[in-house]
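Only one structure is covered here, and it is reproduced in the block below.
Chain identifiers are assigned alphabetically (A, B, ...) following the order of the sequence lines, protein sequences preceding nucleic acid strands; residue numbering begins at 1 within each chain.
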Amino acid sequence: MKLLLIHADFMEYRVEKKTKVAEPFESEGGRVDDVLVAFTAVEKGDSEAVVEKAAEEITEVAKKVGAEKILVYPYAHLSSNLSDPETAVRMLKLLADNLSNSFEVHRAPFGWYKSFTISCKGHPLSELSREIKGEEEVTQALKDEEEVVSYWYILTPEKELVEVSKFSFEGYENLKKFVNYEMAKKRAVDRIPPHVELMQRLQIADYEEASDSGHMRYYPKGRLIKSLLETFVTEKCVEYGAMEVETPLMYDRNHPTLRKYLERFPARQYIIKGDKRDFFLRFAACFGQFLMKSDAVITYRNLPLKMYELTRYSFRKEQRGEVVGLRRLRAFTMPDMHTLAKDMDQAKREFFDQYRLSVEVLKEIGLEPEDYEVAIRVTKDFYNENKEFVHSLVDVLKKPILVEMWDRRFFYFVLKFEFNFVDALDKASALSTVQIDVENAERYDISYVDEDGSRKRPYILHCSASGAIERCMYALLEKAHMDAEKGKLPMLPVWLSPTQVRIIPISRAFLDAALEVAEKLRKARVRVDVDDRDETLGKKIRDAAREWVPYIVVLGEEEVKGGFMTVTVRAESTLEQQKRVRTTAEELISRISEECRGKPYKPLPLPMLLSERPSFR
RNA sequence: GCCACGGUAGCUCAGCCGGUAGAGCGCGUGCUUGGUAAGCACGAGGUCGCGGGUUCAAAUCCCGCCCGUGGCUCCA
């Protein structure tokens, strides 16, 4: 709704001629003195709520200027996105009604050609315009979510289901934090999450203020780390048996199938206006993969059928205040694998396997089971029918699991698990997750031909083996921070460290020797750089340490003459006591390749000489 | 969306009872060539978020706006 408010000495109008949409009107016109005229255009999508807000705005202005009379005057020219006439009349009447409690309200008729004379008072507040927007479209699932009644339990390693209030959290402090976080959903923290400062200081990632919030920039080091994680998770899923595909980022908002799915997914979308159609940006790879599977000819022989895509990006228009650092973004990268399963038995087998796959993926990324807590969300019916299966999940990690149970199925799945990382501020966020989807095969018309020739609906598993890549980075940084608080030197896993080895020549005279060693390491696929800056040794050591370089090599006369290397090993050092070893280039290479075994490799993302590097902040 | 706080040099921030714009770090130049967490000196660098107001005079006070961060909410 658009409003143009004019505080006038008087406003006089005459109805001249009817249009097709004219509302009945007997008189010839009207005149009101000392009036606040509200020229009003009702727009598409305007609802009762919008009218209410408009009335509040008008009331506020009227009070400010001291007007006691209001004339609601339909004025289509304020908008190029008008509602239909019936709605407009209805809304205009409603607006007048709304205002009539506090003011003397007049209303000019809708749908007539009218002439008018207005005498604007001309003081600073006498001409104002307002745009009133409705609440953004909220999906049914978001509304449903508010009504969900949850029952909370702990599934113990002994496979007992205990009410949360009766469970003793002794020895499970992290689980307690997680449960608190989940159930209370409240937190008072006045600190910036530690990973935000780290991602900036280490020149990994940063806010991009020229974009929407939650869309980050990744500096060379950050891009390297992200790229390695992306490659690694993709390789793990492909190795697990998934076929990698690529699907579009945006889809028709009014496509009947997709529309229904949107309604079932409690997330806010970005909307893109096209020429004829409106599009939404995908929040996961479901859309493209389901459409692909819907068109495919699939038989029981092809099942379980796994399809995978790394979404760069998934978009979710999270509420303003919940977007923070790398924890929660509006554009993020997620490994998204969907498995078609023949029947519930196969679905359960896959669920279990993917649970284990997720444990393994996180472990190799550098996140151990003690770094996260497991949650299972399940409908009561599914739980009762599959108790033994649900309980069997506890065998994998042998630690208690938080169980959230629902009376009825609000969402598209009957069972899901999540691995939740608990950060330095005791906030939890989900990493890996798998869900058993019982709805979308039907909705997307996905079917397979069974042995007897009949067409059947498969179950669909949604699996994000690591969770969002950015969130993995957040977890690694938060973990490093918590390590530091415990007195350990913070660092990233060696395979993810942008610089794995830094060579520091003791003086300019040893720069060539340093370059020679560096070349040897580089050829062996070690990310090595050389601090050739004109700085003191102490300064260079300090800088290398502040960058979390895992291996610092100091090279001087002793080393060149003796043919060895002096290496400071970060993982075995503390702030007080550096662990320094004598070794050879070959030994260092083999140690690093051992630490990076099975992980992807990418070369140094920056010039090898520190003097040639820009500083990004 | 709500609440709080903030926006001054590349970064972190000081200045804010109005009176010529500051520090540290970083950057550049020179000295220095070092043995394991900050060498020394000099120099460059600013539309004090934007618009209005008050005033002889505004980074500073007032009003409006924009942007950001944190919290709430939410978190599939």
Side-chain angles (χ1 to χ4, degrees), chain A residues 53 124-125 133 135-136 138-139 141-142 144-146 148 181-182 185-193 196-197 200-201 203 206-210 212-213 261 264-268 283-284 286 314 316-325 327-329 334 336 375 377 404 410-413 416-418 420 425 427-430 433-435 437 462 464 467-468 471 489 502 504-511 531-547 549 552-559 566-568 570 573-580 611 614-617:
Chain A
K53 277 161 88 181
L125 291 177
K133 282 195 195 128
E135 298 300 316
E136 62 184 302
V138 171
T139 65
L142 275 175
D144 283 349
E145 194 174 40
E146 290 172 8
V148 169
Y181 184 78
E182 280 294 308
K185 302 199 167 193
K186 231 177 192 160
R187 212 93 254 110
V189 179
D190 51 2
R191 276 168 60 201
I192 298 175
V196 173
E197 281 169 27
Q200 292 174 325
R201 185 175 67 70
Q203 300 193 24
D206 215 330
Y207 297 113
E208 175 52 77
E209 298 190 357
D212 193 11
S213 57
Y261 184 39
R264 290 292 281 161
F265 200 94
R268 297 171 170 84
F283 51 76
C286 308
S314 286
R316 296 186 191 180
K317 219 171 115 196
E318 305 292 6
Q319 290 192 83
R320 201 74 181 59
E322 58 193 8
V323 175
V324 49
R327 177 147 70 98
R328 194 166 187 76
L329 296 165
M334 179 177 67
D336 203 3
R377 327 259 174 186
E404 179 176 13
F410 290 93
F411 309 123
Y412 56 77
F413 57 85
K416 81 178 275 203
F417 81 79
E418 294 152 18
N420 289 274
L425 304 181
K427 296 214 163 222
S429 36
T433 177
V434 177
Q435 302 147 16
D437 175 346
H462 302 237
S464 188
R471 203 170 260 190
L489 286 180
R502 161 122 349 130
I504 303 180
I506 201 113
S507 75
R508 215 174 286 151
F510 296 95
L511 180 57
D531 194 342
D532 62 328
R533 296 173 307 163
D534 182 14
E535 296 290 354
T536 56
L537 182 64
K539 174 83 173 270
K540 293 187 200 179
I541 299 279
R542 180 183 146 85
D543 286 348
R546 276 174 53 84
E547 273 186 64
V549 174
I552 302 174
V553 175
V554 173
L555 198 103
E557 191 167 4
E558 284 175 42
E559 287 77 8
T566 307
V567 184
T568 303
R570 185 172 181 85
S573 302
T574 62
L575 202 52
E576 296 75 36
Q577 182 80 50
Q578 293 184 356
K579 166 78 174 186
R580 229 172 289 159
S611 68
S615 165
F616 289 97
R617 54 178 281 127

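- No contact: A/Glu576 has no heavy atom under 4.0 Å from any strand.
- Nearest-nucleotide positions on RNA chain B for A/Arg617 and A/Ser611 put A/Arg617 closer to the 5' end.
- At B/G34, none of the side-chain N or O atoms of A/Thr536 fall inside 4.0 Å of OP1 or OP2 (strictly under the cut-off).
- In this structure, A/Ala284 and A/Met334 approach most closely via the heavy-atom pair CB-CE, 3.8 Å.
- Using a 4.0 Å heavy-atom cutoff across all strands shown, A/Glu558 reaches at least one base atom of the nucleic acid.
- Using Watson-Crick or G-U wobble geometry with both donor-acceptor distances under 3.5 Å, B/C42 finds its partner in B/G28.
- A donor and an acceptor atom, one from each side chain of A/Gln435 and A/Asp437, are nowhere located under 3.5 Å apart.
- Here A/Gly556 lies in heavy-atom contact (under 4.0 Å) with a base.
- For A/Leu537, whose side chain is taken as the heavy atoms from C-beta onward, the closest listed nucleotide among B/C75, B/C31, B/U36 is B/U36.
- Residue contacts shown for A/Asp543 are absent, as no nucleic acid heavy atom lies under 4.0 Å away.
- For the pair A/Lys539 and B/C25, the criterion of a side-chain N or O lying under 4.0 Å from OP1 or OP2 is not met.
- Heavy-atom nearest nucleotides on RNA chain B were determined for A/Tyr207 and for A/Leu575, and the one closer to the 5' end corresponds to A/Leu575.
- No engagement by A/Lys540 is indicated, since no non-hydrogen atom pair under 4.0 Å with the nucleic acid exists.
- Look at B/C61: its Watson-Crick or wobble partner, with both distances under 3.5 angstrom, is B/G53.
- The nucleotide B/C13 finds its pairing partner in B/G22, both defining distances of the Watson-Crick or G-U wobble pair being shorter than 3.5 Å.
- Among the heavy atoms of the strands lying under 4.0 Å from A/Val323 are primed sugar atoms or P, OP1, OP2 only; no base atom is included.
- Across all strands, A/Glu557 comes closer than 4.0 Å to base atoms (heavy-atom distances).
- Among the atoms of the strands shown, base atoms are found under 4.0 Å from some heavy atom of A/Thr566.
- In this structure, A/Ile504 reaches neither bases nor backbone, as no heavy-atom distance under 4.0 Å exists between it and the strands shown.
- Straight-line distance between the C1' atoms of B/U12 and B/U54: roughly 34 Å, to the nearest whole Å.
- For the atom pair A/Ile552 CD1 and A/Thr566 OG1, the distance stands at 12.5 Å (nearest 0.5 Å).
- Within 4.0 Å of A/Ser615, counting heavy atoms only, lies no atom of the nucleic acid at all.
- At distances below 3.5 Å, at least one donor-acceptor pair connects side-chain atoms of A/Arg471 with backbone N or O atoms of A/Arg327.
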